[in-house]
Amino acid sequence: MDRTLRRTKEFIVEGLIFLSGITSILFVVLIFVFLLKEGLSLFKEYPAGQFLFGTGWYPISEPPRFGIVPLVCGSLIVTVGAIMIAVPVSVAAALYISELAPVKIKDFLKAGIEMLAAIPSVVLGFIGMVTLVPFVRSFFHIPTGLTALSGSIMLAFMAMPTIITIAEDAINAVPKPYKEGALALGATRWQMMYKIVLVAASPGIIAAIMLGIGRVIGETMAVMMITGNSAVIPHSFLQPVRTMTATIASEMGETVYGSEHYFALFALGIVLFIITFIINFIADLFLHRKKI
Amino acid sequence: MSRRAHISQKIAFSLLFLSTVFVVIPVVAILVFIVKNGVGAISWEFLTSYPRAGMKQGGIFPAIVGTFYLVFGAIAVSLPIGVLAAIYLNEYAKDTLLTRTIKLAIVNLAGVPSVVYGLFGLGLFVVFLKFGTSIVAGSLTLAIMGLPVIITTSKEALSSVPKQFREVSLSLGATRWQTVRHVVLPNAISGILTGAILSIARAAGEAAPILFTVAAFYLPKLPRSVFDQAMALPYHLYIISTQIPNISKQTQYGTALVLVGLVFILNLVAIVIRSRFRKKKKW
Amino acid sequence: MVTAKISCKKLNAWFGKVHSVRSLDLDIRPHEIFGIIGPANSGKTTFLRTLNRMNDLDLHFRMDGEVLLDGQNIYADMTAEALRSKVGMVFAMPMPLPMSVFDNVAYGPRMHGMRDRKKLAEIVERSLQEAFLWEEVKDRLGMSGMKLSGGQQQRLCIARTLALSPDVILFDEPCSGLDPISTAKVEEAMLILKKEYTIILVTNNIKQAARVSGRTAFFLMGELIELDATEKIFTAPKDKRTEDYILGRFG
């Protein structure tokens with residue numbers, strides 16, 4: 001009796017374990033299904049071509065226009081700027097932390113980077129508003145500091161912890177004999193680092209950059225607060241822009257459930273979801289690529 | 001070593017060092033900045049009273065309470081599911097197509113933008129399941145968003161328990177689940193706890209997923225059931241720093257300080273647990 | 001004719017493509033110490049881990065043939081858990097679980113549903129005494145098992161196995177990590193334990209097999225080369241390869 005009771009209990013527990021195991025798949029599917037369910041309703045009324053390639057996002061004009069090109073461009077310019085700042089700094093920091101930093105400083109630096117990752121995005125947005133935005137405005141003598149540049153700088157800091165952590169893992173994973181071999185051949189430590197370590201770790205570093213890009217594209221609160229929220233196709237970094245994420249976040253509150261605008265924001269969510277899905281998929285490919 | 005190689009190495013190393021400093025200094029600067037400007041706002045009254053005069057005066061009490069409800073609702077859902085999922089992946093799953101799909105799903109859950117979680121929560125919990133904008137809708141959204149962190153950290157904690165312990169337990173006639181329950185879990189608990197706390201910290205700071213699922217601009221009373229709306233710290237900070245003109249800077253900094261303080265304390269606790277655990281590791 | 005405790009019929013085992021145990025037929029008698037010697041990768045440990053189905057944990061493991069315990073097929077007629085409580089195992093490296101001495105010994109019985117504190121205490125004492133550890137630890141049963149010395153840890157692992165009152169105990173090179181004095185104590189324990197239990201001992205130490213086992217088998221490349229009374233194997237081996245191994249010409 002006792003035994004069968006125990007068996008039954010175990011059967012149930014292991015069933016729960018299995019179910020929990022597959023919830024992740026369930027949730028990814030659910031997310032996609034619900035985005036599609038709401039988002040695709042837009043295209044009953046509104047042509048998909050105009051949505052994807054239209055150059056004007058005027059959701060409350062009459063008739064409304066839902067062309068996402070300016071929003072995609074907004075996301076793109078902010079992301080490109082952020083990655084240009086974040087990648088060199090992050091890879092350098094990862095190299096320093098894994099190859100050069102003394103043990104005690106290493107722990108301190110890693111804690112610092114974890115702390116940077118922990119700062120809520122809305123706080124970074126707020127800090128950006130009160131420090132960076134006025135600085136950009138007066139430095140470039142422009143009418144507003146709420147620009148793509150401000151967004152890029154702030155987002156760079158949000159991408160850095162991701163890139164550093166994963167790049168550092170990749171650098172640590174470079175086999176020791178590679179490094180020792182290079183040094184034995186008379187290379188300086190620096191030559192060893194950039195000729196051997198960086199090359200051997202490059203798949204991991206690419207994955208790190210991809211994940212950094214994913215983080216930046218999906219970032220919402222900070223960009224919404226400091227990029228100026230103007231849905232025009234940007235021509236320079238010193239213009240206000242509006243990203244896809246900021247559009248969803250700032251407009252969803254004002255839409256009526258079931259309206260074209262509501263559906264359009266979900267459709268924008270689909271685009272965002274697909275972009276990040278692809279980015280993460282590529283990152284995962286690089287991360288799990290067969291080691292040399 | 002040639003002189004030129006030596007000099008270029010020196011320059012390169014200095015640049016690497018400077019880059020690292022460039023990353024870490026802002027953390028310290030932001031902290032100092034917020035504390036310096038915000039500490040004046042912190043008072044018992046600020047923490048325990050309601051906003052007044054269109055949020056220009058008074059405190060942030062309902063936002064603090066709302067954040068606690070949301071975060072604990074989220075962890076109550078995501079911790080059991082996350083830990084069980086980690087147990088499945090680490091202790092039961094073989095290298096099959098299903099397992100690889102699960103892993104890919106986790107990677108992608110981790111990469112879904114927070115605002116898309118907000119849309120999903122709106123579509124599923126608020127509209128489809130008719131929970132309305134409510135604590136339960138927000139908590140569930142945050143729970144799903146926190147799942148990847150919990151699964152990944154728990155899995156790491158489980159896999160750091162030596163394989164031999166499992167063998168010993170099984171060789172004594174224990175079943176697989178008994179082995180997990182009595183040998184693996186007790187020795188992975190600190191790692192799991194660390195992950196849980198980090199996930200709480202993250203949920204506490206998120207604004208985008210709760211924008212359309214729970215957050216209220218202003219509520220004159222505390223929520224009385226999980227189907228009520230609630231205020232929340234990150235959303236409140238967003239509101240008072242962008243939507244309300246002429247609000248005192250100190251209120252903004254004070255709110256930011258409370259939020260950052262909460263998140264940092266949670267992170268510190270997690271770091272301490274983890275490092276103590278690493279030191280006293282018995283094997 | 002003595003009835004066999006364990007009997008293997010045409011037993012083959014593979015890990016992936018590696019054929020580790022080749023067509024093995026042998027019987028193990030009750031209350032004997034059955035020694036298995038042979039060079040590294042000769043299939044001794046694989047064979048041993050087949051007897052309590054520990055190999056099942058390895059995804060690449062495959063086997064055919066039959067293993068009978070008291071006439072019952074261990075893969076078909078019983079669960080792995082039931083089998084393992086009858087066929088205990090002592091591993092090469094002493095590996096106490098990270099819990100107290102008492103809990104280590106009580107672990108097995110508890111997992112089989114034993115709750116009664118008094119009975120558990122009795123089992124723990126009996127098992128520790130049988131493993132010659134009781135006198136050394138009786139005053140500190142609450143101490144972590146990992147704080148014992150290496151030799152004590154290995155005897156704790158033996159006690160842990162005895163707590164389940166198994167029929168058979170598998171020793172997988174149990175002294176490979178121990179000093180000579182600890183080794184002597186473990187061997188002494190084995191000689192006394194064989195009165196109650198059947199013991200199978202895999203060892204890399206030929207002299208150990210000579211000291212304790214009644215019959216000894218010589219494995220090479222997954223095959224049973226020779227099996228005989230221990231003194232015959234060591235004084236008059238029939239096979240040239242056995243002789244070479246014993247005289248230290250290879251392995």
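Residue numbers start from 1 in every chain, and the chains themselves are labelled A, B, ... in the order their sequence lines are given, proteins ahead of strands.
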* Interchain contact, B:A201 with chain A, by part (heavy-atom threshold 4.5 Å) -> neither
* Structure fact -> Applying a strict 4.5 Å limit to non-hydrogen atoms, the region of B:Y117 in contact with chain A is side chain
* Are A:S24 and B:I151 side-chain neighbours, meaning at least one heavy-atom pair lies under 4.5 Å? -> yes
* Structure fact -> CD1 of B:I81 to CZ of A:F27, rounded to nearest 0.5 Å, is 5.0 Å
* Is it the backbone or the side chain of A:T131 that comes under 4.5 Å from a heavy atom of chain B, or both, or neither? -> side chain
* Can you tell if the side chain of B:V24 reaches within under 4.5 Å of the side chain of A:M115, non-hydrogen atoms only? -> no
* A:E38 side chain near B:L119 side chain, heavy-atom distance below 4.5 Å -> no
* Could you tell me whether the side chain of B:V115 reaches within less than 4.5 Å of the side chain of A:M244, counting heavy atoms only? => no
* Asked: Where does B:Q252 contact chain A at under 4.5 Å (heavy atoms): side chain, backbone, both or neither?
  -> both
* Asked: Tell me, side chain or backbone of B:V263 under 4.5 Å from chain A's heavy atoms, or both, or neither?
  -> side chain
* Structure fact -> Honestly, the part of B:P234 sitting under 4.5 Å from a heavy atom of chain A is both
* To do: Identify which part of B:L18 has an atom lying under 4.5 Å from any heavy atom of chain A, answering side chain, backbone, both or neither.
  => neither
* Asked: So what's closer than 4.5 Å to chain B heavy atoms on A:I127: side chain, backbone, both or neither?
  -> side chain
* Checking A:F157 against chain B: side chain, backbone, both or neither under 4.5 Å from a heavy atom? -> side chain
* Asked: For the rings on B:F128 and A:F34, is their centre-to-centre separation under 6.0 Å?
  -> yes
* To do: Using a 4.5 Å cut-off on heavy atoms from C-beta on, say whether the side chain of A:I17 contacts that of B:W177.
  => yes
* Asked: Below 4.5 Å, heavy atoms only, C-beta onward: do B:L122 and A:Y257 meet side chain to side chain?
  -> no
* Electrostatic pair B:R181:A:E10 at N-O distance under 4.0 angstrom -> no
* To do: To the nearest 0.5 Å, tell me how far B:F120 CZ sits from A:L35 CG.
  => 8.5 Å
* Structure fact -> Applying a strict 4.5 Å limit to non-hydrogen atoms, the region of B:V21 in contact with chain A is neither
* Asked: What part of B:Y92 gets closer than 4.5 Å to chain A, counting heavy atoms only: side chain, backbone, both or neither?
  -> side chain
* Side chain, backbone, both or neither: which part of B:L89 has a non-hydrogen atom closer than 4.5 Å to chain A? -> neither
* Would you mind reporting whether A:E114 and B:I271 have side-chain heavy atoms less than 4.5 Å apart? => yes
* **Part of B:K103 lying under 4.5 Å from any heavy atom of chain A** => neither
* Asked: Any side-chain heavy atom of B:V127 sitting closer than 4.5 Å to one from A:Y262?
  -> yes
* Heavy-atom distance under 4.5 Å to chain B: side chain of A:M160, backbone, both or neither? -> side chain
* Structure fact -> If one checks every heavy atom of A:T245 against chain B at 4.5 Å, the contacting part turns out to be both
* To do: Verify the neighbour count for atom CZ of B:F17: are there more than 12 heavy atoms of other residues, nucleotides or ligands below 6.0 Å?
  => no
